[in-house]
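Working notes for the structure below.
As the structure is a computational prediction, the values presented were derived from the model and not from experiment. Order of listing sets the numbers, starting from 1, for every ligand and every atom in it.
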Amino acid sequence: MAPSPANPFTPGQSPRFLAGRTAERRRIQDRLARVSTYGELAGPLLVFHAPRGLGKTSLLRAAEAEAASLGFVSVWVACARDQRLLPELAERVRGALARHDALGDPGRATRLEGLTIELGVPGAKVQAELGRRETAAVSTPILALEELLGEAARLVRAHGGAGLLVFLDELHAADPGELAVLLNAWQNLDGAPDAVPLSIITAGLPVTPEAITRAATFGERSSFIPLDLLAPTDARAALVRTAEAEGVSWAEDALTLVTDEARGHPYLLQLLGNTTWDAASPAAGAVLTADDVRRGVPHARTQLNAMHRARWGAATPTEQAFLVAMASAGEGNVTRAQIAAAMGRDSRAISDPRERLIEKGVIEPVGHGLVRFTLPGFGAFVRSLDEA
Ligand SMILES: Nc1ncnc2c1ncn2[C@@H]1O[C@H](COP(=O)(O)OP(=O)(O)OP(=O)(O)O)[C@@H](O)[C@H]1O
Ligand SMILES: [Mg+2]
């Protein structure tokens, strides 16, 4: 018997087959084309935003692969709280240039190193400097970043590359002071007389547009693009094409079971694809059945449960009280008033935990003061804690 192919589904990692996202990929391609054709900056800042698990990182990784084939040099930084963005970005830019032998003469290398060190000033200092715009020192980090990105992008081009491409993932977690420096530098480069073959593509949780606008008012002119759940045909394609590449197909009722359960959520599709595959251990030519799906579901539940538990554990007592109140108010979208009433508090007094849970990606606003859980089954999980 032929050995069964390895499980091609990738819950938590970039997918083998990126389904849908046609419009989003076109937006990226437009930017890249402008940089590579005209050697100029492709502004405004591109910002993809969505709750956890909807495919932001996967989209950016696909763009990175595409850009590499077009001759771009890419750097990638995942922002994190309590971690400095600008020094890391500078280090990575220098590293990427060195790898591509695009650093040029030693003088340039030293200059870039100097800029990297300048960008290493503590976050507090950056923020203080931004607060005192009139002094000469004010623009130091902005100028340093402008010069670093401009110089690096031109060096790439001078060495035959298409341009420099910067990916910033988890942008919502960036320090506001550093974000302000980045936005200012980007704005200045956009208006610079010399063309800069550079593009910056970013992604973050739904709070990202707000964080950007708060960091610099002109940040509101960025291109904000929300990522939605996958459309039904794309969800099917994610399952079918991924299995097909291994010579395995899906029975129609099995597909329906998984797509009904996942409701277009990319992580859930990968998770259920993965557990179905493991239950079936299909050889090439095999068909995944509804029975395989059902036998896989408990494993998917265990995994989801672990994720629910992790999110619950990362919440403070006040946030947990908020989550309990929200879960008790029912499934779907919950109003601020419902949550406040269940907590026995004034509706203005619940803003803090609400904001922090949105920042953590546990809940998301859906307009008109309504919120909902971002991970399926989280409400039921919280209610089950109560019964335990
Ligand atoms: N277009 C897609 N087609 C198929 N699978 C996808 C697609 N987008 C994402 N996935 C799958 O969904 C899961 C989540 O994707 P990803 O990590 O990119 O999401 P994210 O939005 O970056 O989440 P987080 O906010 O937690 O970082 C992964 O398992 C990935 O393989
Ligand atoms: Mg991600």
Side-chain angles (χ1 to χ4, degrees), residues 6-29 46-66 76-81 83 85 167-174 201-209 211 224-246 250 255 258-259 261-278 296 299-300 303-304 306-308 310-311 314 357-364 373-376 378:
N7 195 326
F9 289 97
T10 54
Q13 287 167 298
S14 290
R16 302 262 181 102
F17 172 75
L18 187 87
R21 306 300 185 219
T22 316
E24 292 84 357
R25 294 184 81 169
R26 200 167 302 131
R27 292 292 287 265
I28 295 172
Q29 284 154 359
L46 204 47
V47 185
F48 294 100
H49 59 96
R52 297 235 169 265
L54 282 221
K56 302 177 291 296
T57 303
S58 302
L59 177 67
L60 264 51
R61 286 291 180 201
E64 188 185 31
E66 195 165 333
W76 181 289
V77 179
C79 306
R81 294 233 177 277
Q83 195 178 301
L85 160 62
F167 290 100
L168 301 174
D169 200 4
E170 304 273 320
L171 191 64
H172 59 273
I201 301 178
T202 74
L205 291 174
V207 288
T208 314
F224 297 119
I225 306 170
L227 283 191
D228 217 335
L229 294 169
L230 292 176
T233 47
D234 296 331
R236 287 172 74 88
L239 298 165
V240 171
R241 298 283 295 271
T242 306
E244 201 175 70
E246 309 300 326
W250 288 80
L255 266 184
V258 173
T259 47
E261 181 79 19
R263 282 170 289 138
H265 195 281
Y267 175 79
L268 287 184
L269 285 166
Q270 294 291 338
L271 179 61
L272 289 165
N274 185 277
T275 55
T276 303
W277 188 282
D278 277 349
H299 300 285
Q303 171 61 19
L304 274 179
M307 290 167 72
H308 291 148
R311 289 183 180 199
L357 286 166
I358 292 173
E359 261 174 47
K360 288 179 178 174
V362 177
I363 64 173
E364 61 181 326
F373 293 116
T374 56
L375 194 60
F378 194 68

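Residue contacts with ligand 1 for Ser14 involve N, CA, C or O but no side-chain atom from C-beta outward (heavy atoms, distance under 4.0 Å).
Counting only protein N, O or S atoms closer than 2.8 Å to the Mg ion (ligand 2) gives 1.
Protein heavy atom closest to atom 18 (O) of ligand 1, with residue, atom name and distance, is Ser58 OG, 2.6 Å. The closest protein non-hydrogen atom to atom 27 (O) of ligand 1 is Glu170 OE2, 3.4 Å. In this structure, the protein non-hydrogen atom closest to atom 13 (C) of ligand 1 is Tyr267 CA, 3.7 Å. The protein heavy atom nearest to atom 11 (C) of ligand 1 is Gln270 CG, 3.5 Å. Atom 20 (P) of ligand 1 has its closest protein heavy atom at Lys56 N, 3.5 Å. The nearest heavy-atom contact from the protein to atom 19 (O) of ligand 1 is Gly55 N, 3.0 Å. Gly53 N, 2.8 Å is the protein heavy atom nearest to atom 23 (O) of ligand 1. In this structure, atom 3 (N) of ligand 1 lies nearest to the protein heavy atom Ala19 N, 2.9 Å.
Not a single heavy atom of Phe9 sits less than 4.0 Å from an atom of ligand 1. Heavy-atom distances between Arg61 and ligand 1 stay at or above 4.0 Å for every pair.
Of the listed residues (Arg52, Gln13, Arg21), the one carrying the non-hydrogen atom nearest atom 31 (O) of ligand 1 is Gln13. Looking at Pro266, Pro11, Ala62, it is Pro266 that brings a heavy atom closest to atom 10 (N) of ligand 1.
Pairs engaging residues 224-236 under the salt bridge (Lys or Arg N to Asp or Glu O under 4.0 Å) rule: Arg236-Glu252 [sequence neighbours left out].
Closest approach of Pro206 to His49, counting heavy atoms only: CA-ND1, 4.1 Å. The nearest pair of heavy atoms linking Thr276 to Val258 is OG1-CG2, 4.3 Å. When all heavy atoms of Arg61 and Ser14 are compared, the pair lying nearest together is CG-OG, 3.6 Å.
Geometrically, ligand 1 and Leu230 share no nitrogen or oxygen pair separated by less than 3.5 Å.
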Intermediate values then yes/no, side chain to side chain donor-acceptor pair (under 3.5 Å), Arg311 and Thr374: CA-CA 11 Å; Arg311 289 183 180 199; Thr374 56; 3.0 Å; yes
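Side-chain atoms of Leu271 and His265, non-hydrogen and from C-beta on, never get closer than 4.5 Å to each other.
Relative ring orientation between Phe167 and Trp76 is described as tilted, the plane-to-plane angle lying within the 30° to 60° band.
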